[in-house]
Amino acid sequence: MKKLKDLAADRIGTYRKDAQSEGFIQELNSYLNAFEAQLYHDVQEQEHPIFMVIGAPRSGTTLCTQFLANAYQLSYVNNLVARFYLNPLTGIQLSDQVLGRDNLPGFNSEYARTTDLTDIHEFGYYWRYWLKKDSLTAMETIAEDEQNIDWKGLKSSILNMQHLWGNGAVFKNIFGSYHMQKLCEVLPKVVFVHIERNNLDAAESIYKARLNQYGEKGITKWWSYSPPNVSELLSKDVYEQIAGQVHFLKKYYNQESQKLDKRHFLSLRYEDLILKPQEEAERIAQHVQKHFDYTFQVNPSLDQNFKRVKKAQQDSSVRQRLIEEFKKLETQI
């Protein structure tokens, strides 16, 4: 089974990562480890709530993360801090010195990638490192891997980041969705926000992402994160794969959310986020106030700053094939 980094290497054009640049950042992080260790404090308690955004690919997870950061003026990992994925305290302090703290992310992104240094970053390498997610099939060994994760180290890292920020924070943490129960034990003030989008819209967007990033010859290559039954899906055709990816991830999130105390989980519809961001921000703030006795003031300029995303043009032939596959999945017991 290919490693996630190998799948990324199969991308074409501007979507392909530069190996030399990746190697430089990796070496820099290794070099800074000893320096980073000196920045840690013995932070035992979580001082502020933390949002972790989850959802199927192309369901609006990046937009939701940007929305939450703007709604409550939360702290977040920007494109500068993300380069220090093994040394986030170094990255945060450098970012504070260079960029200041009074920044909020924009609402633009392309397949989760943003451009400005002050924009939000999904911090994927950080979560992959701590949660041991290096390959597609790692999602099939969640329970086993959970026993080997350094939860104490991860908790210390997150609490020290938040201590530096001195503020509520938001992360896009798809890999964390496979360990929601454990993360709720480690971080008592965490709230998972599950954003859901129309299945067909999300699936068609995944198809277009494969086409753009792998080309027509690579359309059968897996793209983005996967449900726990990914090995079964890899033997299917592209339409079955994509429909199954959306269907089984949503099913998994819904099943796992039932195991959590309701204070740790919120659902948000992509369509509602687009139509009424101010109302949704108020609803989420009320949830946090009720369950954590913590007040988030909603940014009064949120609604006018929020970017309404135009609906993408649909491909009727692709959409019809996906409709057929979703119908099959709906009839399964």
Side-chain angles (χ1 to χ4, degrees), residues 1-2 4-17 53-65 108-114 122 124 133 135-139 172-175 177-178 194-254 268-271 273-274 309-330 332:
M1 177 57 62
K2 274 193 171 184
L4 294 178
K5 65 179 182 179
D6 295 329
L7 287 172
D10 289 338
R11 295 173 186 170
I12 61 175
T14 58
Y15 299 108
R16 188 183 182 92
K17 294 188 176 182
V53 177
I54 64 172
R58 307 304 297 153
S59 62
T61 49
T62 300
L63 181 65
C64 183
T65 311
N108 294 309
S109 69
E110 183 183 20
Y111 300 122
R113 296 196 307 181
T114 56
E122 62 182 352
K133 299 292 179 287
S135 70
L136 287 177
T137 52
M139 289 58 172
K172 177 178 172 179
N173 187 7
I174 304 303
F175 294 123
S177 68
Y178 304 107
H194 177 204
I195 184 162
E196 299 183 81
R197 185 183 183 186
N198 174 277
N199 281 354
L200 279 172
D201 290 342
E204 187 173 359
S205 190
I206 292 172
Y207 183 92
K208 290 177 180 177
R210 287 190 180 202
L211 193 61
N212 288 334
Q213 297 201 16
Y214 296 136
E216 289 187 8
K217 293 182 179 179
I219 195 67
T220 59
K221 294 181 184 293
W222 189 271
W223 183 81
S224 197
Y225 32 96
S226 55
N229 63 334
V230 60
S231 288
E232 174 189 338
L233 294 176
L234 287 173
S235 64
K236 311 291 185 180
D237 71 26
V238 60
Y239 302 101
E240 291 177 286
Q241 281 186 14
I242 293 172
Q245 183 179 16
V246 173
H247 173 84
F248 289 111
L249 272 172
K250 278 191 173 185
K251 182 178 179 180
Y252 176 76
Y253 296 150
N254 290 330
L268 173 62
R269 285 177 48 79
Y270 175 84
E271 293 78 10
L273 176 59
I274 297 301
V309 180
K310 294 181 179 179
K311 191 174 181 64
Q313 185 176 359
Q314 298 176 356
D315 184 322
S316 58
S317 61
V318 170
R319 198 171 182 86
Q320 185 56 45
R321 283 297 310 276
L322 290 168
I323 288 173
E324 294 170 5
E325 296 306 326
F326 277 119
K327 285 182 177 178
K328 293 177 186 177
L329 289 168
E330 290 168 2
Q332 293 181 6

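Residue numbers run from 1 in the order of the sequence given.
We find the CG-CZ distance between L329 and F248 to be 5.0 Å, quoted to the nearest 0.5 Å. With rounding to the nearest 0.5 angstrom, the CH2 atom of W223 is 8.5 Å from the OH atom of Y214. One distance of note links NZ of K133 with CZ of F175; it measures 8.0 Å at 0.5 Å rounding. Distance check: E122 CD to T62 OG1 gives 6.0 Å after rounding to the nearest 0.5 Å. Considering OG1 of T61 and CD1 of I174, their distance stands at 4.5 Å, rounded to 0.5 Å. Taking CD1 from I12 and CD from E216, the interatomic distance works out to 9.5 Å, rounded to the nearest 0.5 Å.
Without hydrogens or angle criteria, E271 side chain to N198 main chain gives a donor-acceptor distance under 3.5 Å. E196 contributes no side-chain N or O that, together with a main-chain N or O of A56, makes up a donor-acceptor pair within less than 3.5 Å. Listed for the K250 side chain is a donor-acceptor partner under 3.5 Å among the backbone atoms of R197. Judged by distance alone, the side chain of R210 and the main-chain N or O of K221 form a donor-acceptor pair under 3.5 Å.
Annotation: side chain of V246 is not in contact with side chain of S59 (no heavy-atom distance under 4.5 Å). Residues L63 and I274 meet the side-chain proximity criterion, which asks for heavy atoms closer than 4.5 Å. Contact of the S224 side chain with the I206 side chain is not registered, since no non-hydrogen atoms from C-beta on lie closer than 4.5 Å. When side chains are defined from C-beta on, T14 counts as touching R113, because their heavy atoms get closer than 4.5 Å.
When all heavy atoms of P228 and Y252 are compared, the pair lying nearest together is CG-CD1, 3.7 Å. Taking both residues in full, the closest heavy atoms of E240 and L233 are given as O-CD2, 4.3 Å, listed atom of the first, atom of the second, then distance. Closest heavy-atom contact between S205 and R58: OG-NE, 2.7 Å. Scanning all heavy atoms of the two residues, the minimum distance from S109 to T114 falls at CB-CG2, 3.9 Å. Heavy atoms only, all atoms of each residue included: W222 and P227 are closest at CZ2-CD, 4.0 Å. I195 and G60 get closest at one heavy-atom pair: CD1-O, 3.6 Å.
Under the 6.0 Å cut-off for aromatic ring centres, Y207 and Y239 qualify, their centroids lying closer than that.
Partners of E325 by salt bridge (charged side-chain N to carboxylate O under 4.0 Å, His left out), not counting sequence neighbours, listed by chain and number: R321, K328.
Residues D201 and Y270 bring no donor and acceptor atom of their side chains to less than 3.5 Å of each other.
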